[in-house]
Amino acid sequence: MPKTQLTKTRIDRTQPGNRDVIYWDRGLPRFGLRVKSTGVKSFVVQYRNRQTGRSKRKTIGQYGPTMSLNDAREIARGMLADVVRGGDPVADAQFLRQSPSVADLAEQYLAEHAVPKKRPASVRNDRSMLDRYVIPHLGHLRVFEVTYKDVQRLHNRMAQTPYQANRTLALLSKTFELSIRWGMRKDNPARGVEKFAEEKRQRWLSDDELNRLMKALSDHPNQIAANAIRLQLLTGARIGEVLSSTWEDFALDRGVWIKPSHHTKQKRTEHLPLSRASIELLTRMHAESFSYSRFLFPGRSPDQPYRDLKAFWRSVTKTAELADYRIHDNRHTHASHLVSSGLSLPIVGRLLGHTNPSTTQRYAHLADDPLREAAEVMARKMSKE
């Protein structure tokens, strides 16, 4: 191969022949200009891999407005310096092309972790967060490229929805933790990103609001959905546990709801004692629908449970004139009325399936009500003196 002192003038004057030719630069060994028979001129480097001894050639880029001779020389010097340190520019380029993107990582997370190990509702939530927030902003990046700053920027964009932002951050952290185990990168860029402060909801129904809700449930034509809400209020269960429950889960003769582990948030079997009203409701429902479906609340098809109560819930809360009240708040209503009636926080926590006592602690101030009433007993007696 010919050697020459590469200059801009010489490159511009070089004409293509009937075959590809490489002109090696005398000033920088192993750096050259390849001139194709088509007239395309590109800069290349030639080097030998120090581990394998194999000779490799790497194209730096095409000569033209976006790459000058000086630019190419600087890039070549950097590549050749990497080779001296044991690097391999060709292998590195192949790694970049084959390296998975965040979108690829998201699919692998769902297929290999979420679907086999999480409840279907949790998988749906994860998929929604990935599709709505993660992939639009980070999906195009290679997994190894994502930095702490990238994750922080995405989290900050969601400042108006702090709860959702924190759940997305937790999902990202878990996903990147798995990427380390899968050999995609060596650290977790989500680790250390500070969560937003979350304001815990303190919404539950007063006696008057509860009466209005019960009336709206009685008047609604969809009594399958109405019974689901009644059972949730009576038991304090999560609405997902209610809708997915089957008749096999209930021992009505013993008054117990045996929640299977794959339906509970804690992934453990729970035994929930049922009140007399709950048993009466379930007994009536059992007589009406047991032969029709194994589910307490069948959907359009009897072999599938009721999926979505959103439209029903909007209708009922509008009729009952309940503002800013969600289905999940029924758990808060159940707990708050139990605590304010004198039941201890540990007992209420066990009924709700809380594994962490601090979760039930939000109702602590309500426990003062029966104590204050008891304290008034002596005061009333003394006032009669």
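Heavy-atom basis, side chains included; hydrogens, waters and symmetry copies ignored. The shown structure was predicted, so the numbers you read here are calculated from the model rather than taken from an experiment.
Judged by distance alone, the side chains of S206 and D208 never bring a donor and an acceptor atom under 3.5 Å apart. Residues R57 and Q46 have side chains that bring a donor and an acceptor to within less than 3.5 angstrom of each other. With hydrogens and angles left out, the side-chain atoms of D12 and Y63 include a donor and acceptor closer than 3.5 Å. At a cut-off of 3.5 Å, with distance as the only test, no side-chain donor of N125 or S122 sits close to an acceptor on the other residue. In this model, no donor atom of one side chain and acceptor atom of the other lie less than 3.5 Å apart for R157 and Q160. For T333 and R203, the side-chain atoms include no donor-acceptor pair closer than 3.5 Å. No side-chain N or O of N156 forms a donor-acceptor pair with one of R153 less than 3.5 Å apart. A donor-acceptor pair shorter than 3.5 Å cannot be found between the side chains of R26 and T4.
Under the 4.5 Å side-chain heavy-atom criterion for grouping Ile, Leu, Val, Met, Phe, Trp and Tyr, Y148 is connected to M184 within one hydrophobic cluster. Hydrophobic clustering (side-chain heavy atoms under 4.5 Å, transitive across Ile, Leu, Val, Met, Phe, Trp, Tyr) keeps L274 apart from I258. When the side chains of ILVMFWY residues are joined at heavy-atom separations under 4.5 Å, either directly or via intervening members, I279 and V256 end up in two distinct hydrophobic clusters. Cluster membership for L252 and F297, using ILVMFWY side-chain heavy atoms within less than 4.5 angstrom, is shared. No single ILVMFWY cluster, assembled from side-chain heavy atoms under 4.5 Å apart, contains both I180 and L172.
Taking each heavy atom of S68 and F43 in turn, the nearest pair found is O-CE1, 3.9 Å. Nearest heavy atom pair, residue Y47 against residue L80, reads CB-CD2, 4.3 Å. Of all heavy-atom pairs spanning E145 and D150, the tightest one is O-OD2, 3.9 Å. Closest heavy-atom contact between T168 and V134: CG2-CG2, 3.9 Å. Here the closest non-hydrogen pair linking S293 and W247 is O-CD1, 3.5 Å. Nearest heavy atom pair, residue N222 against residue H220, reads N-ND1, 3.0 Å.
Below 30°, between 30° and 60°, or above 60°: for H332 and H328 the angle between ring planes is above 60°, a perpendicular geometry. Relative ring orientation between H155 and F196 is described as parallel, the plane-to-plane angle staying below 30° on a 0-90° scale split at 30° and 60°. Using bins of under 30°, 30° to 60° and over 60° for the plane-to-plane angle, the ring pair W313/Y325 lands in the tilted bin.
Looking at D104, its side chain does come within 3.5 Å of a backbone N or O of S101 through a donor-acceptor pair. With N211 contributing its side chain and D207 its backbone, the two residues share a donor-acceptor pair below 3.5 Å. Distance alone, capped at 3.5 Å, places no donor-acceptor pair between the Q108 side chain and the S179 backbone. Side chain of S244 to main chain of G240: a donor-acceptor pair is present (N/O by atom type, distance under 3.5 Å, no hydrogens or angles). Between the side chain of S128 and the main chain of R124, no donor-acceptor pair closer than 3.5 Å is present. R48 contributes a side-chain N or O that, together with a main-chain N or O of G53, makes up a donor-acceptor pair within less than 3.5 Å. At least one donor-acceptor pair closer than 3.5 Å links the side chain of N227 to the backbone N or O of Q223. For the pair T235 (side chain) and A237 (backbone), a donor-acceptor distance under 3.5 Å is present. Between the side chain of Q232 and the main chain of I327, a donor-acceptor pair closer than 3.5 Å is present. Proximity of a side-chain donor or acceptor of R142 to a complementary backbone N or O of P100 within less than 3.5 Å is not detected.
No more than 12 heavy-atom neighbours from other residues, nucleotides or ligands sit within 6.0 angstrom of CD on E194.
Classification of R185 and D187 as a salt-bridged pair holds, one side-chain N sitting under 4.0 Å from a carboxylate O. A salt bridge does not link K117 to E112: none of the charged nitrogens lies less than 4.0 Å from a carboxylate oxygen. With salt bridges taken as basic N to acidic carboxylate O contacts below 4.0 Å, one links R73 and D25. D126 and K118 are joined by a salt bridge, as a carboxylate oxygen and a charged side-chain nitrogen come within less than 4.0 angstrom of each other. The pair R191-E177 meets the salt-bridge criterion, since a charged nitrogen lies less than 4.0 angstrom from a carboxylate oxygen.
The side-chain heavy atoms of Y109 and L171, taken from C-beta on, include a pair separated by under 4.5 Å. Between K58 and V44 there is no side-chain heavy-atom pair separated by less than 4.5 Å. A 4.5 Å side-chain heavy-atom check between L233 and H334 finds every atom pair outside the cut-off. Residues K41 and Q62 form no side-chain contact, since every pair of their non-hydrogen atoms from C-beta on lies 4.5 Å or further apart. Side-chain atoms of V35 and D20, non-hydrogen and from C-beta on, never get closer than 4.5 Å to each other. In this structure, P298 and Y306 have side chains that are not in contact, with every pair of non-hydrogen atoms separated by 4.5 Å or more. Looking at heavy atoms from C-beta onward, L296 lies in side-chain contact with F250 at the 4.5 angstrom threshold. Using a 4.5 Å heavy-atom threshold, the side chains of Y133 and Q164 count as touching.
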**Message:** Run R34 and T59 through side-chain contact (heavy atoms from CB on, under 4.5 Å) and show every step you take.
**Reply:** CA-CA 9 Å; R34 181 179 59 211; T59 301; 3.2 Å; yes
**Prompt:** After noting the C-alpha distance and the side-chain angles of R119 and E241, does the key distance pass the salt bridge (charged side-chain N to carboxylate O under 4.0 Å, His left out) rule?
**Reply:** CA-CA 11 Å; R119 294 175 301 142; E241 296 171 346; 5.9 Å; no
